[in-house]
There are 2 protein chains.
Amino acid sequence: MAMMNEAATDRETELIARLQSAGYRLTPQRLALVRLLAHDTSHPSADQIYARLRADFPTVSLATVYNTLDVLVELGEALPLDLNEGSTRYDVRRPSAHPHVVCRLCGRVDDLEMDDLAEFVRKARSRTSYGDLHPRIYFEGICPTCAASTERRSEE
Amino acid sequence: MAMMNEAATDRETELIARLQSAGYRLTPQRLALVRLLAHDTSHPSADQIYARLRADFPTVSLATVYNTLDVLVELGEALPLDLNEGSTRYDVRRPSAHPHVVCRLCGRVDDLEMDDLAEFVRKARSRTSYGDLHPRIYFEGICPTCAASTERRSEE
DNA sequence: TTAGGTGCAAATCATTTGCAATCTC
DNA sequence: GAGATTGCAAATGATTTGCACCTAA
């Protein structure tokens, strides 16, 4: 647990440093947004980020949220996830491309550790004439919570 | 070549049979759409299908194209591809989930043969508590054509 | 005759953009 | 003061929907 908090704090500091050294201004909203995202493991959408940010900054606009997310993506510090879910979700804690699982029912998103991803990508490269290949991998499924409630329902 | 045409014709017949046995009417538009898709290897978007269909059926509407595509997807005969490209592309020739490559520059889409996909999916299943897992895998890259023209441009 | 199909126009929803006001270096 | 940042409202673009008409078993 101590490790997790440490890591999260590190990520926050890292992001702030990154934004500043890239010449971006660190406004109160941006600071709050970065803090939010550095600690958030839920892979939120722009809309969800907007809703949470408004608790502290009632005047913040959705456009600003999108703006800041774009900046983070440009810097390679946020990974946009297109999970066929309507809206784009963002992974700011681990911005390098990695697989995810999405719950088909509730939209919950989790990271998926695939230690053989590199091998998989290497094989893909060897089987296509396309260059500069980057993986976009996720799995649709049913999360444990939804599975449990579905089961309960069918037992009735 | 003979094999390809045969396979394509088979797919066309297959699709027609599938639609009819599922109780769907085979209207002239649907027939034309199915024919188009059975032979099309370009993974077209609804819009592209619409444009081509209008050559033969000037009054066809985009809503009808979406309708018919939805029917095919429901029957498991079309694979919708969300390639982070703005619009959904469709693979009707090989409707079972398989990896693709997309060109970042021109949007070209090709199938990618990954004979170890099953193994990869098996490993994913063993590493998550999500059930009923289905893969959504594609790679972004630069197609040979775009790579060639980019090279040419930088040589000038 | 009746449910399935069709076409049009309007609605929806995520995202982007124009622009004037504001802030920061 | 120049350039970045913000917020609002309007624009965009893919997809869906409401609804009246049509058409084949």
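Here is how names work: the chains are called A, B, and so on, in the same order as the sequence lines, proteins then strands, and each is numbered from 1.
When atom types are taken as modelled, the side chain of A:R127 and the backbone of A:R122 share no donor-acceptor pair closer than 3.5 angstrom. Side chain of B:Q48 to main chain of B:S45: a donor-acceptor pair is present (N/O by atom type, distance under 3.5 Å, no hydrogens or angles). Side-chain atoms of B:D91 come within 3.5 Å of backbone N or O of B:R94 as a donor-acceptor pair.
Of the charged side-chain nitrogens involved, none lies within less than 4.0 Å of a carboxylate oxygen, so that A:E85 and A:R104 do not count as a salt-bridged pair. Using a cut-off of 4.0 Å between Lys/Arg side-chain N and Asp/Glu carboxylate O, A:D82 and A:R89 are scored as not salt-bridged. Between A:E12 and A:R35 there is a salt bridge, since at least one side-chain N of the basic residue sits less than 4.0 Å from a carboxylate O of the acidic one.
Residue contacts for A:S45: at a heavy-atom cut-off of 4.0 Å it reaches no nucleic acid atom on any strand shown.
Judged as a side chain to side chain donor-acceptor pair (under 3.5 Å), the pairs with a partner in residues 63-72 of chain B (not counting sequence neighbours) are, in order, B:S61-B:T64. For the ring-ring contact (aromatic ring centres under 6.0 Å, His included) condition, the pairs that include at least one residue of residues 99-136 of chain A, sequence neighbours left out, are A:H43-A:H100, A:H98-A:H100, A:F120-B:F120.
Residue A:T64 has a polar side-chain atom (N or O) positioned under 4.0 Å from OP1 or OP2 of D:dG7.
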Where do B:S42 and B:D40 land on the side-chain hydrogen bond (donor to acceptor under 3.5 Å, both in side chains) test, with the steps shown first? CA-CA 6 Å; B:S42 77; B:D40 191 316; 2.7 Å; yes
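Remark: nothing in residues 49-58 of chain B comes within less than 4.0 Å of DNA chain C through any heavy atom.
Running 5' to 3' along DNA chain C, contacts with non-hydrogen atoms of chain B at under 4.0 Å begin and end at C:dA3 to C:dC8.
If one axis is set at each end of the helix from C:dT1-D:dA25 to C:dA14-D:dT12 from five pairs, those axes are 20° apart, to 10°.
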Could you go over nucleotides 1-4 of chain D and give all protein N or O partners under 3.5 Å, atom names and distances?
| residue | atom | partner | partner atom | Å |
| --- | --- | --- | --- | --- |
| D:dG3 | N2 | A:R25 | NH1 | 3.4 |
| D:dG3 | N2 | A:R25 | NH2 | 3.1 |
| D:dA4 | O4' | A:R25 | NH2 | 3.2 |

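Atoms CG (B:D70) and P (D:dA14) sit 16 Å apart, rounded to a whole Å.
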